[in-house]
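Chain A is the first sequence line, chain B the second, and so forth, proteins listed ahead of strands; every chain is numbered from 1.
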Protein chains: 2
Amino acid sequence: MMDKEPTSWMSDAEISAHLRAHDVTPTQQRVDIARILFARPQHLSADQVLSIVNQETQLVSKATIYNTLNLFARKGLVREVIVDPSKVFYDSNVSDHHHFYNVDSGELMDIDSQALKLDQLPTLPEGTEADGVDIIIRVRSRG
Amino acid sequence: MMDKEPTSWMSDAEISAHLRAHDVTPTQQRVDIARILFARPQHLSADQVLSIVNQETQLVSKATIYNTLNLFARKGLVREVIVDPSKVFYDSNVSDHHHFYNVDSGELMDIDSQALKLDQLPTLPEGTEADGVDIIIRVRSRG
DNA sequence: CACGCTTTTAGACAAAGTCTAGTCGTTTAC
DNA sequence: GTAAACGACTAGACTTTGTCTAAAAGCGTG
Ligand SMILES: [Mn+2]
Ligand SMILES: [Mn+2]
Ligand SMILES: [Zn+2]
Ligand SMILES: [Zn+2]
């Protein structure tokens, strides 16, 4: 699990290795999707992934897009960001960080991990364990 | 705007006054919806509001439920909590606070405002102004 | 009462996401 | 080599949440 997370371009062989390291069998469609996601740190909706993948020659079905994004999220290859009630964003940056969300433009931006850190969690509810902390700073366009 | 926010039971007259104080004309349907929401601090989906309202005698249409919840949110009578990709929760507690979200049970719980506070915001993106901060601590049921 | 304005409504519609049942491809078993 | 078994992929139906439209109802004012 201590593999180097991708920050820039990866070859198809590196993508396959990355999927295998996260216990995901690399198939043609999964590599196609991963190539788009891991091109750079970004936030894409399922719909965006679908239309980018299908600009290329290969056709990948809607069902496979959703199956794959859910699988990637479950395996820790991407992170779901829930910030817009109408769609989920998939974040190819899985390092610990938080987000600005521009409610006017729909733009989602990373907050540098050092710039914002909770020093300590409050006591969790009885019988529960921590699963993650999401901090979303909503902003409006000024002017 | 410095009115006392409701924390427990309100008469219909008090509900109407509360709506008027937030620049919302109190109608029969809006008071019916407000009576449910402001019964106590709670987190309800539109669907839950619809079915609770329609247990009573009056029938309120789906369109009116959505129109009213959106209006209440816009006027600051309730707060939208976006934590589950499939539905919005409407929070009748509009004071400054954050949430635990149990991803197993779907339960949403308040975090006492003193128990968790960001000391300072990071520098906002160019040309934007703050609109709100949401902190969500996701937890899983242990056992 | 007649007018204009706001609110409510039924039901059509849209978008995101899931599910089903069949197909395709790749191993494994013989 | 062939067949069974298994995993992955797919088209398209379906579900759910929410919005929209166009008409009706309510309401205040003259
Ligand atoms: Mn999902
Ligand atoms: Mn909404
Ligand atoms: Zn991010
Ligand atoms: Zn709350």
Side-chain angles (χ1 to χ4, degrees), chain A residues 12 15-16 19-20 22-37 43-54 56-75 77-91 103 106 108, chain B residues 15-16 19-20 22-36 43-54 56-75 77-91 103 106 108:
Chain A
D12 281 12
I15 289 172
S16 291
L19 299 194
R20 264 187 287 263
H22 285 254
D23 198 31
V24 170
T25 308
T27 64
Q28 184 59 60
Q29 291 87 339
R30 287 170 181 172
V31 170
D32 285 349
I33 293 168
R35 200 184 303 110
I36 286 157
L37 287 169
H43 310 103
L44 296 175
S45 66
D47 203 58
Q48 288 178 299
V49 173
L50 178 64
S51 60
I52 296 171
V53 168
N54 286 343
E56 329 262 311
T57 50
Q58 303 298 342
L59 265 271
V60 180
S61 72
K62 185 176 66 147
T64 296
I65 298 287
Y66 278 101
N67 286 345
T68 300
L69 289 172
N70 284 332
L71 177 67
F72 282 9
R74 191 154 20 91
K75 297 297 190 176
L77 283 157
V78 297
R79 167 172 159 189
E80 293 185 341
V81 181
I82 295 161
V83 75
D84 178 324
S86 76
K87 60 178 162 299
V88 173
F89 285 104
Y90 293 88
D91 192 342
V103 296
L108 192 56
Chain B
I15 289 172
S16 291
L19 299 195
R20 262 188 288 261
H22 284 255
D23 199 31
V24 170
T25 308
T27 65
Q28 183 60 58
Q29 289 87 340
R30 287 170 182 172
V31 170
D32 285 349
I33 293 168
R35 200 184 302 112
I36 287 158
H43 310 105
L44 295 175
S45 66
D47 204 56
Q48 288 178 298
V49 173
L50 178 64
S51 62
I52 297 171
V53 168
N54 287 343
E56 327 262 313
T57 49
Q58 299 305 335
L59 265 272
V60 179
S61 72
K62 186 178 66 148
T64 296
I65 298 287
Y66 279 101
N67 287 344
T68 300
L69 289 172
N70 284 333
L71 177 68
F72 282 10
R74 192 156 16 92
K75 297 297 190 175
L77 284 157
V78 297
R79 168 172 160 189
E80 292 184 343
V81 181
I82 295 161
V83 75
D84 177 324
S86 77
K87 58 177 162 300
V88 173
F89 285 104
Y90 294 88
D91 191 343
V103 297
L108 191 57

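Atom CG of A:L37 and atom CG of A:L77 lie 9.0 Å apart (nearest 0.5 Å). We find the OH-CG distance between A:Y66 and A:D47 to be 6.5 Å, quoted to the nearest 0.5 Å.
Side-chain contact between A:R30 and A:V24: present, with at least one pair of heavy atoms (C-beta onward) separated by less than 4.5 Å. With contacts defined as side-chain heavy-atom distances shorter than 4.5 Å, the pair A:V49/A:Y90 does not qualify. For the pair A:I82/B:V83, no side-chain contact is recorded, criterion being any heavy-atom separation below 4.5 Å from C-beta on. Side-chain contact between B:T25 and B:L19: absent, with no pair of heavy atoms (C-beta onward) separated by less than 4.5 Å.
One atom, CD1 of B:I82, and another, C1' of C:dA16, lie 15 Å apart when rounded to the nearest Å. Remark: P of D:dT17 and CD of B:Q48 are 10 Å apart, rounded to the nearest angstrom. In this entry the distance linking CG of B:L50 with C1' of D:dT16 reads 13 Å, nearest Å. The separation between A:D84 atom CG and C:dG17 atom C1' is 14 Å, rounded to whole Å. Counting to the nearest Å, the P atom of C:dA14 and the CG atom of A:D47 are 15 Å from each other. Summarising the geometry, the separation between NZ on B:K87 and P on D:dT19 is reported as 15 Å, rounded to the nearest angstrom. The CZ atom of A:R74 sits 14 Å away from the C1' atom of C:dT18 (whole-angstrom rounding).
Among residues two or more places apart in sequence or in another chain, the side-chain contact (heavy atoms from CB on, under 4.5 Å) test is passed with B:R74 by B:L71. By the side-chain hydrogen bond (donor to acceptor under 3.5 Å, both in side chains) test, A:D23 pairs with A:K75, sequence neighbours left out. Partners of A:S45 by side-chain hydrogen bond (donor to acceptor under 3.5 Å, both in side chains), not counting sequence neighbours, listed by chain and number: A:Q48. Residues satisfying the side-chain contact (heavy atoms from CB on, under 4.5 Å) criterion with A:I52, sequence neighbours excluded, are A:I36, A:L44. Listed by chain and residue number, A:D12, A:D32 satisfy the side-chain hydrogen bond (donor to acceptor under 3.5 Å, both in side chains) test with A:R35 (two or more places apart in sequence, or in another chain). With sequence neighbours excluded, the residues forming a side-chain hydrogen bond (donor to acceptor under 3.5 Å, both in side chains) with A:S61 are A:T64, listed by chain and number. With sequence neighbours excluded, the residues satisfying side-chain contact (heavy atoms from CB on, under 4.5 Å) with A:D84 are A:S86, A:K87, A:F89, A:Y101. By the side-chain contact (heavy atoms from CB on, under 4.5 Å) test, B:A73 pairs with B:V78, B:E80, sequence neighbours left out.
Between B:Y66 and D:dT19 there is no side-chain polar atom (N or O) within less than 4.0 angstrom of OP1 or OP2. In terms of phosphate contacts, A:N70 brings a side-chain nitrogen or oxygen within less than 4.0 Å of OP1 or OP2 of C:dT18.
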Point to revise | Base-contact (B) and sugar-phosphate-only (S) positions in nucleotides 22-27 of chain C, heavy-atom cut-off under 4.0 Å, - elsewhere | key: ------

Check your understanding: Which letter, B, S or -, goes with each nucleotide of nucleotides 25-30 of chain D from 5' to 3', with contact meaning a protein heavy atom under 4.0 Å?
Key -> ------

Any protein N or O atoms within reach of nucleotides 9-15 of chain D? Criterion: under 3.5 Å, listing atom names and distances.
unit_1, atom_1, unit_2, atom_2, d
D:dC9, OP1, A:T27, OG1, 2.4
D:dC9, OP1, A:Q29, OE1, 3.0
D:dC9, O3', A:Q29, NE2, 2.8
D:dT10, OP1, A:L59, O, 3.1
D:dT10, OP2, A:S61, N, 3.1
D:dT10, OP2, A:S61, OG, 3.3
D:dT10, OP2, A:T64, OG1, 2.8

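Axis deviation across the helix from C:dG4-D:dC27 to C:dC30-D:dG1 amounts to 10°, comparing end segments of five pairs, rounded to 10 degrees.
Taking the side chain of B:T25 as heavy atoms from C-beta on, and the options C:dT18, D:dT17, C:dT7, the nearest nucleotide is C:dT7.
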